[in-house]
Amino acid sequence: MSYDIWLSSPHMSDEGYEKEFIEEAFKLNWIAPLGANVTGFEQELADKVGAKHSAALSSGTAAIHMALKAAGVGKGDIVFCQDLTFSASANPIIYQNAIPVFIDSNYETWNMDPNALEAAFRKHPNVKAVIVVHLYGLSADLDPILELCRKHNVVMIEDAAESLGTTYKGKYTGTFGDYGVFSFNGNKIITTSGGGVLVSSSKERIDKVKFWSTQSRDKARYYQHSELGYNYRMSNIVAGIGRGQLKVLDQRVAKKKYIHDFYKRELGKLEGIQFMPSNEWNKPNYWLTVMQVSGRRKPVEIMNKLEAERIESRHVWKPMHLQPFFSEYDFIGAFL
Ligand SMILES: *Cc1c(COP(=O)(O)O)cnc(C)c1O
């Protein structure tokens, strides 16, 4: 199916910044992974969001995987993960042979419910890490979640794949936890065509992630490996697109806010239709505009009408505890 209006299509800068960075890489024959665009992108992204250290990787999923590994999550460890999210938040828990426990979201934030998290800590006190998500560019209510993580001495990973440019109490999401994850997949607010970045305040952990994601090659004359390696680094070409896209991030956020405000103004007063929540501590990037439909209106009917007009729309993510693949794992509800 092809649409006239897509949900979230890539949008390169009018100025052609991305091409300039790519052409520079071509000129220098710096096509291989790593190079000036990779280090440049890492630095510029970290500067933009106010993170200390960053590693550019092949995807946001790889970044979550590396965050879990850096947090010391391994076989049999328990990891709390937001239930209402895209499966890529949770899959890396399985890559590490760890055990996910899914935590419900609430209506006020559409993200992790602190009460459900507290209940989860009571039930599973030996948890290793918590993955909190900022869904559709709305930030979670981070303070109570952080407080619980600190109290229980547990690593907090922020899945900010959808929320680059979103702030919580004036500070960019992705910079509150021990680790923050950004995605530059083709459907995100800015894209590199595919990629991810892991940020952290620990230089030592980020250096370790860079080591693991370039096949864990020991500093030896011969090919020697003392640890399991991954091929997870971002390429220098892809990073060039990212550097160009970073220059227009604020423009993209402004446009997404305009789109959101437009829908809300035109449709917000209709019975049975509610838009995503707004909270005074949250300045979203409005990556996607999402509405909640109740009463006699059926989401599928609206979707069918939009489809007939060649406008793309989707359901919200199906929660992880309802996924056949994750059905055996525990779920802590917010309203139980
Ligand atoms: C897109 C997304 C990811 C994964 O990012 P990729 O770069 O596609 O691997 C992870 N979590 C959430 C919430 C996402 O939306």
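Order of appearance sets the numbers: ligands from 1, and atoms from 1 within every ligand.
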Checking the N or O distance criterion of under 3.5 Å, is ligand 1 in contact with [X]?
X: S183; value: yes
X: W317; value: no
X: D159; value: yes
X: F184; value: no

Between [X] and [Y], what is the ring plane arrangement, given parallel below 30°, perpendicular above 60°, and tilted in between?
X: H152; Y: F121; answer: parallel
X: F262; Y: Y258; answer: parallel
X: F80; Y: H124; answer: perpendicular
X: H65; Y: Y230; answer: perpendicular

Inset, instruction - Return yes if a side-chain donor-acceptor contact under 3.5 Å exists between E158 and H134, otherwise no. - result: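 Short answer, yes.
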Inset, instruction - Verify the distance criterion only: is there a donor paired with an acceptor across the side chains of S139 and T173 at less than 3.5 Å? - result: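 Looking only at side-chain atoms, T173 and S139 do not form any donor-acceptor pair under 3.5 Å.
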For [atom], what is the nearest protein heavy atom, given as residue, atom name and distance?
atom: atom 15 (O) of ligand 1; answer: E162 OE2, 2.5 Å
atom: atom 1 (C) of ligand 1; answer: K188 NZ, 1.6 Å
atom: atom 9 (O) of ligand 1; answer: T61 OG1, 2.5 Å

Inset, instruction - With heavy atoms under 4.0 Å as the rule, classify the contact between S59 and ligand 1 as side chain, backbone, both or neither. - result: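 Both backbone and side chain.
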Inset, instruction - Could you see which bit of T85 sits under 4.0 Å from ligand 1, with heavy atoms only: side chain, backbone, both or neither? - result: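 It is the side chain that gets close, since no backbone atom is under 4.0 Å.
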Inset, instruction - Give a yes/no verdict on a cation-pi contact between K48 and Y172, requiring under 6.0 Å between NZ or CZ and the six-membered ring centre and an angle within 45° of the axis. - result: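 No, K48 does not sit over the ring of Y172.
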Within the supplied structure, the quantity of interest is the number of heavy atoms (other residues, nucleotides, ligands) at a distance under 6.0 Å from [X] [atom1]; does it exceed 12?
X: Y3; atom1: OH; value: yes
X: R314; atom1: CZ; value: no
X: E15; atom1: CD; value: yes

So if I count the atoms of ligand 1 from 1 in the order they appear, which ones are less than 4.0 Å from some heavy atom of [X]?
X: S89; value: 11 (N), 13 (C)
X: N185; value: 7 (O), 8 (O)
X: A161; value: 2 (C), 3 (C), 10 (C), 11 (N), 12 (C), 14 (C)
X: A88; value: 3 (C), 4 (C), 10 (C)

Inset, instruction - Work out whether the distance between some heavy atom of G195 and some atom of ligand 1 is less than 4.0 Å. - result: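 The answer is yes: ligand 1 sits under 4.0 Å from a heavy atom of G195.
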Inset, instruction - Answer with yes or no whether G196 contacts ligand 1, where contact means a heavy atom under 4.0 Å from a ligand atom. - result: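 No heavy atom of G196 comes that close to ligand 1.
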